[in-house]
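Since the model is a prediction, treat every value here as computed from it, not as a measurement.
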Amino acid sequence: MLIVGGGPVGLTLAIELGQQGVRCLLIDKREAPGRLPKMERCNPRTMENFRRMGIADEVRRAGLPEWVPMDVFICIGSVLDPPLVHHRYPSVKEYKEKILAVNDGSLPLEPYQLISQYTLEPVLRRIAEATPGVSVRFGHELVGFHQDDDGVTADVVDPAGRKLEVRCRFLAGCDGGASVVRQELGIELQGETRRRLCQALFRCDALFDLLPHKGRHYHMADDKWSFMIVQDDTRHFSLHATVDEQGSTEAMQRIFESIIGRPLDYETLYVGFWTQRLMLADRYREGRVFLAGDSAHLVIPTGGLGMNTGAADATDLAWKLAGVLHGWGGPGLLDAYELERRPVGARAVRASRRAAVGRERWRAAWRPEVADDTPEGRRARAELARVAEEEQRWSNDLLGIELGYRYTPSPLVASEPGEGPDDESFCYAPTTWPGARLPHVWLDEGDALHDHLGRCFTLLALRGAPTAEADGLAAAFRRLGAPFATYHVRSKAAETVYEGYPLLLVRPDLHVAWRGHELPDPDTLAARVTGRVAGDA
């Protein structure tokens, strides 16, 4: 298996594959991971997957300290002044305490984690390099490839300029928005381009300790769309604003100095431009070649759905590739990757657009007089606060988008009549509707059910389940050579959260494949969820 791209998505895929017994080679044309804060938050679903990989604690140790609030502010003047709008979000420590106290399926097993991409990439690289079966080669560039019925032949140039030929069964393009893999396949990105912004990265050691209102995002109510983000060490700050390219460094420095509100020593580490895009690839697969992450979808960072959607691509693709390479996955298993993940990519684009529009609406409510101590200024501030109080939340209150996606329709999921719950909602409602993520519940003895489920198909048997039928399903999976386990769930909460279904079949990625009161024909069900047949089970 060849993975092109050593960002968070490619590294996640490499670790997942290695942990599932698949040998893979990851290449990246960069000499080393970058130093730009392209993303700064792993959402709860990503952290749940990192927990299953056994790396969540390591990621947290490298990221923002658990006591730091995740609050969001809209400010007038500087970050030292009282904020116009203050949206409170718990620190990781507070969120963990809340999760421990709740057992209704409404919360994730893991909180979010603020960690800059330039911090996350080296962490994931170290883990990948230590994972058996995984080889990581930075400084190696893909320059072309061709595929046949048996595999893919890739042309790679090493750091010394030598041309190498790499032969692999499958290739995954995790190489970003300008993906060479996607371009070689002739697959187009379709969508829209919105605002062009300048990004700067500053180091200012004294600023965070001086902030009277501590959080992670500081939006400035001005005509430049200024927006400051606290990075994971609380000593670096990224700033986005609309400025002219000529003199952009000086302009960004002036904005930063105005935002921090007092003379402080700081260092300018980077200034560059980027364009907001909302785009989706026409296809996620061509033969033995797959796209994941930004090579397949580009979203505006409002809501933080870019890397997190890509990490979920990697998790989904990994278990399907493992199934095929280990011999138990049928031809429909890899076909289902695009059928399941492309609608989720489209959903992320729609959610990001909604968040971006919300931000545009409150920005449009800005008036030059908002800073004036006059009746007109007070009216302008009140109106801006009213609009921003509602519209800014689309960027931050989106647990339903992060946890609530469902793989329906999918050839690997047993369908049910009706449309099912609204998976476009920004509010999360736990459900076991086939295709949905299995809601987190605590067992009666205090453990998390998720922690007892491995990378196999698992039949969950709740109280009152006809467990004798499990033997027949186990035999059906055994005949296919597919990994299977039965887990007897001791949790009063699960009986309610799992909507009264005593039997649930959960996939290796913790998505529900089937639920019911009695098992259908076991061979048909096993064949369907492993990609060997189509049709309802």
Original post:
Taking only residues two or more places apart in sequence or in another chain, which ones pass side chain to side chain contact (heavy atoms under 4.5 Å, CB included) with R386?
Top reply: E383
Original post:
For atom CZ of R196, is the number of surrounding heavy atoms from other residues, nucleotides or ligands below 6.0 Å larger than 12?
Top reply: yes
Original post:
Under a 4.0 Å N-O cut-off, is there an ion pair linking D313 with R341?
Top reply: yes
Original post:
Does any N or O in the side chain of S410 come within less than 3.5 Å of the main-chain N or O of E340, such that one atom is a donor and the other an acceptor?
Top reply: no
Subject >> R361 with E391: basic N within carboxylate O range, under 4.0 Å >> reply: yes
Subject >> Validation row, ring centre W514 to ring centre Y501 under 6.0 Å >> reply: no
Original post:
Salt-bridged, D316 to R507, with N to O below 4.0 Å?
Top reply: yes
Subject >> Partner residues of H450 under the side-chain hydrogen bond (donor to acceptor under 3.5 Å, both in side chains) criterion, sequence neighbours left out >> reply: none
Original post:
Just wondering, more than 12 heavy atoms not from K96 lying within 6.0 Å of its NZ?
Top reply: yes
Original post:
Using 4.0 Å as the upper bound for N to carboxylate O, is an ion pair formed by R277 and E192?
Top reply: no
Original post:
With R216, which of D232, L114, T234 fulfils side-chain contact (heavy atoms from CB on, under 4.5 Å)?
Top reply: L114
**OP:** Taking the six-membered ring for Trp and the full ring for Phe, Tyr or His, determine whether the centres of Y284 and F290 are under 6.0 Å apart.
**Re:** no
Subject >> is_close_aromatic(F73, H219), centroid dist under 6.0 Å >> reply: no
Original post:
Looking at H217 versus Y89, is the centre-to-centre ring distance below 6.0 Å?
Top reply: no
Original post:
Atom CG in L317, atom CG in L17: separation rounded to 0.5 Å?
Top reply: 7.0 Å
Original post:
Is a donor on one side and an acceptor on the other found under 3.5 Å between the side chain of R359 and the backbone of A388?
Top reply: no
**OP:** Describe, in one word, how the ring planes of Y95 and Y112 are oriented to each other, choosing from parallel (under 30°), tilted (30 to 60°) and perpendicular (over 60°).
**Re:** perpendicular
**OP:** Measure the spacing between OG1 of T302 and CG of L278 and express it to the nearest 0.5 Å.
**Re:** 7.5 Å
Original post:
Under 6.0 Å between the ring centres of Y218 and F227?
Top reply: no
Original post:
How many angstroms lie between atom CD1 of I115 and atom CE of M307, to the nearest 0.5 angstrom?
Top reply: 9.0 Å
Subject >> Verdict with reasoning, S238 to Q231, per side chain to side chain donor-acceptor pair (under 3.5 Å) >> reply: CA-CA 7 Å; S238 60; Q231 299 301 309; 2.9 Å; yes
**OP:** Tell me yes or no: between the side chains of H213 and D71, is some donor less than 3.5 Å from an acceptor?
**Re:** no
**OP:** Answer yes when R455 and E16 have at least one side-chain N-carboxylate O distance shorter than 4.0 Å, and no when they do not.
**Re:** yes
**OP:** Tell me, please, whether W225 has R195 positioned over its six-membered ring: NZ or CZ under 6.0 Å from the ring centre and within 45 degrees of its axis?
**Re:** yes
**OP:** Can you measure from CZ (R60) to CG (D57) and round to the nearest 0.5 angstrom?
**Re:** 8.0 Å
Original post:
Taking atom types as modelled, is there a side-chain donor on H440 or E110 under 3.5 Å from an acceptor on the other?
Top reply: no
